[in-house]
Number of protein chains: 2
Amino acid sequence: MTSYKDNKVITIGTVNELTGLSERQIRYYEERGLIYPKRTKRGTRRYSFSDIEILMKIADKREDGVQTNEIRKDMINKKKDTDIRDEMLRGQLNAHFKKLR
Amino acid sequence: MTSYKDNKVITIGTVNELTGLSERQIRYYEERGLIYPKRTKRGTRRYSFSDIEILMKIADKREDGVQTNEIRKDMINKKKDTDIRDEMLRGQLNAHFKKLR
DNA sequence: CGTGTAAGGAATTCTGACACG
DNA sequence: CGTGTAAGGAATTCTGACACG
């Protein structure tokens with residue numbers, strides 16, 4: 001589950017290069033609850049490739065004038081969808097194995 | 001081909017954390033031709049997850065007393081093997097398509 | 001040969017704040 | 001609300017070199 005994609009090892013400077021977003025923007029989106037970088041012992045932020053993809057989507061929406069508040073809600077809803085799908089799948093598998101017993 | 005795994009975005013400090021190798025060691029293995037980090041405009045090194053895997057293999061071999069020179073030769077030979085396999089595969093595909101014409 | 005270390009400089013990252021709007 | 005910026009401090013990274021062996 002923790003593949004390269006989700007490994008938080010990238011500094012904010014590199015994220016800036018990769019996304020074109022300013023460090024100020026990147027930190028602000030964190031403050032608004034859109035991303036959650038890891039912190040090293042010393043306190044510097046580390047991002048994953050997943051974080052970078054999320055940031056690029058955020059950048060797109062911001063360009064369309066969508067507020068961080070809206071973006072966050074959308075992300076939560078999409079997560080809910082995924083959770084529901086997961087739950088349904090689990091339920092079906094469960095029923096399936098029950099039948100086999 | 002350029003997946004997350006081969007994307008050179010990790011600083012030497014993080015590589016140190018991930019591999020346990022000192023910065024001195026990491027730079028020395030580069031000097032010996034075992035790894036090739038990217039350089040940013042400013043000149044700081046950036047490594048990929050692939051580089052980190054190679055470094056961990058190097059660390060193992062060094063513990064067994066294998067010299068950097070030997071390690072490099074091994075790496076070149078393995079690359080040659082891969083190249084030969086690729087070439088053979090290409091040849092077979094070629095023959096196959098020739099037949100189809 | 002492989003690795004540690006001190007040296008000095010340059011660039012990075014962090015936080016809290018003021019600014020504009 | 002979202003983002004820029006100057007401020008000051010602390011940690012990072014780089015190179016060339018001396019050291020030991």
Side-chain angles (χ1 to χ4, degrees), chain A residues 7-49 51-77, chain B residues 7-49 51-77:
Chain A
N7 213 335
K8 292 177 187 282
V9 296
I10 308 174
T11 60
I12 196 167
T14 304
V15 174
N16 161 247
E17 284 174 30
L18 261 34
T19 63
L21 293 168
S22 72
E23 299 186 8
R24 182 73 167 95
Q25 289 174 308
I26 298 169
R27 294 199 190 100
Y28 182 66
Y29 299 150
E30 174 183 356
E31 187 183 321
R32 303 295 322 213
L34 301 181
I35 42 168
Y36 300 94
K38 187 182 105 181
R39 293 294 185 121
T40 64
K41 313 104 227 174
R42 205 214 111 202
T44 60
R45 278 166 262 250
R46 290 291 182 277
Y47 303 83
S48 66
F49 285 112
D51 291 329
I52 287 172
E53 291 186 359
I54 293 173
L55 284 169
M56 307 219 289
K57 286 180 191 168
I58 293 172
D60 283 347
K61 295 198 179 179
R62 284 293 304 129
E63 275 185 40
D64 294 342
V66 184
Q67 296 198 335
T68 56
N69 201 24
E70 287 303 313
I71 298 176
R72 176 155 27 77
K73 284 181 194 164
D74 285 357
M75 288 173 53
I76 293 173
N77 281 334
Chain B
N7 212 335
K8 292 176 187 283
V9 296
I10 308 175
T11 59
I12 196 166
T14 304
V15 174
N16 160 247
E17 284 174 30
L18 260 34
T19 64
L21 294 168
S22 71
E23 298 187 7
R24 182 70 167 97
Q25 289 174 307
I26 299 168
R27 294 199 189 99
Y28 181 66
Y29 299 151
E30 173 183 357
E31 188 184 319
R32 302 295 323 210
L34 302 181
I35 43 168
Y36 300 93
K38 187 182 105 181
R39 294 291 185 125
T40 65
K41 313 103 228 174
R42 205 214 111 204
T44 59
R45 279 165 261 250
R46 290 292 182 276
Y47 303 83
S48 66
F49 285 112
D51 291 330
I52 287 172
E53 291 186 0
I54 293 172
L55 283 169
M56 305 217 290
K57 286 180 192 167
I58 293 172
D60 283 347
K61 295 198 180 179
R62 285 293 304 128
E63 275 185 39
D64 294 341
V66 185
Q67 296 198 335
T68 55
N69 201 24
E70 287 302 314
I71 298 176
R72 177 156 26 77
K73 284 181 195 163
D74 286 357
M75 289 173 53
I76 293 172
N77 280 334

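FYI, side chains are in, hydrogens and waters are out, and symmetry mates aren't considered; it's all heavy atoms of this structure. In the text below, chain A, chain B and the rest are named by the order of the sequence lines, each starting its count at 1.
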**Asked** Ile26(B) has an atom CD1; how far is it from atom C1' of dT3(C), in whole Å?
**Response** 13 Å
**Distance-minimising heavy-atom pair for Gly33(A) and Arg72(A)** = O-CD, 3.7 Å
**Request:** To the nearest Å, give me how far apart CD (Glu23(A)) and C1' (dT12(C)) are.
**Result:** 8 Å
**Request:** Pick out which of Val9(B), Asn7(B), Ile10(B) makes a side chain to side chain contact (heavy atoms under 4.5 Å, CB included) with Phe49(B).
**Result:** Ile10(B)
**Heavy-atom side-chain contact between Val15(B) and Leu55(B) under 4.5 Å** = yes
**Asked** Which is true for Arg62(B) with a 4.0 Å heavy-atom rule: it touches a base, it touches only sugar-phosphate, or it touches nothing?
**Response** sugar-phosphate
Table of protein N/O atoms under 3.5 Å from nucleotides 5-9 of chain D N/O atoms:
| unit_1 | atom_1 | unit_2 | atom_2 | d |
| --- | --- | --- | --- | --- |
| dT5(D) | O4 | Arg24(A) | NE | 3.3 |

**Fill in**
In whole angstroms, the gap separating P of dC14(D) from CG of Asn16(B) amounts to 12 Å
**Request:** Return the 5'-most residue of the pair Glu31(B), Gly13(A) with respect to DNA chain C, ranking by each residue's nearest nucleotide.
**Result:** Glu31(B)
**Request:** Give a yes/no answer on whether the side chain of Thr44(A) brings an N or O atom under 4.0 Å of OP1 or OP2 in dA11(D).
**Result:** no
**Item:** Cationic N near anionic O, under 4.0 Å, Arg42(A) to Glu17(B)
**Value:** no
**Complete:** Taken to the nearest whole Å, CD/Gln25(B) to P/dT13(D) is 16 Å
**Asked** Do Ile26(B) and Tyr47(B) have side chains that get closer than 4.5 Å, going by heavy atoms?
**Response** yes
**Prompt:** For dG4(D), does either OP1 or OP2 sit under 4.0 Å from a side-chain N or O belonging to Ser22(A)?
**Reply:** yes
**Distance below 4.0 Å between Arg39(B) side-chain N/O and dT13(D) OP1 or OP2** = no
**Message:** Between Glu30(B) and Arg27(B), does the salt bridge (charged side-chain N to carboxylate O under 4.0 Å, His left out) criterion hold? Intermediate values first, please.
**Reply:** CA-CA 5 Å; Glu30(B) 173 183 357; Arg27(B) 294 199 189 99; over 6 Å; no
**Asked** How is Arg32(B) classified with respect to the nucleic acid when contacts are heavy atoms under 4.0 Å: base, sugar-phosphate, or nothing?
**Response** sugar-phosphate
**Asked** Could you give the distance from CG (Asn16(B)) to CD1 (Ile52(B)), rounded to the nearest 0.5 Å?
**Response** 10.5 Å
**Asked** Between dT3(C) and Tyr28(B), is there an OP1 or OP2 to side-chain N/O distance shorter than 4.0 Å?
**Response** no
**Prompt:** With both distances kept under 3.5 Å, what pairs with dT3(C), Watson-Crick or G-U wobble?
**Reply:** dA19(D)
**Asked** Roughly how many Å is it from CG in Leu34(B) to P in dT3(C), rounded to a whole number?
**Response** 10 Å
**Request:** Return the residues of residues 65-75 of chain B meeting this criterion: a heavy atom under 4.0 Å from some atom of DNA chain C. Order them by number, or give none.
**Result:** Gln67(B), Thr68(B)
**Request:** Please state whether the phosphate of dG2(D), meaning OP1 or OP2, lies under 4.0 angstrom from any side-chain nitrogen or oxygen of Tyr29(A).
**Result:** no
**Item:** Straight-line distance of Ile35(A) CD1 to Ile58(A) CD1, nearest 0.5 Å
**Value:** 6.0 Å
**Request:** Kindly state each residue pair satisfying salt bridge (charged side-chain N to carboxylate O under 4.0 Å, His left out) with at least one member in residues 58-69 of chain A, sequence neighbours excluded.
**Result:** Lys61(A)-Asp74(A)
**Asked** Roughly, in whole Å, what's the span from CD in Glu17(A) to C1' in dT13(C)?
**Response** 14 Å
**Message:** Could you check whether any side-chain N or O of Gln25(A) sits under 3.5 Å from a backbone N or O of Ser22(A), counting only pairs where one atom can act as donor and the other as acceptor?
**Reply:** yes
**Length of the CZ-P vector between Arg27(B) and dA17(D), whole Å** = 16 Å
**Request:** Could you state the atom-to-atom distance from CD of Glu30(A) to P of dT3(D) in whole Å?
**Result:** 15 Å
**Item:** Arg45(A) side chain near dC14(C) phosphate (N/O to OP1/OP2, under 4.0 Å)
**Value:** yes
**Request:** May I ask which nucleotide in the shown strands pairs with dA10(D), Watson-Crick or G-U wobble, both distances under 3.5 Å?
**Result:** dT12(C)
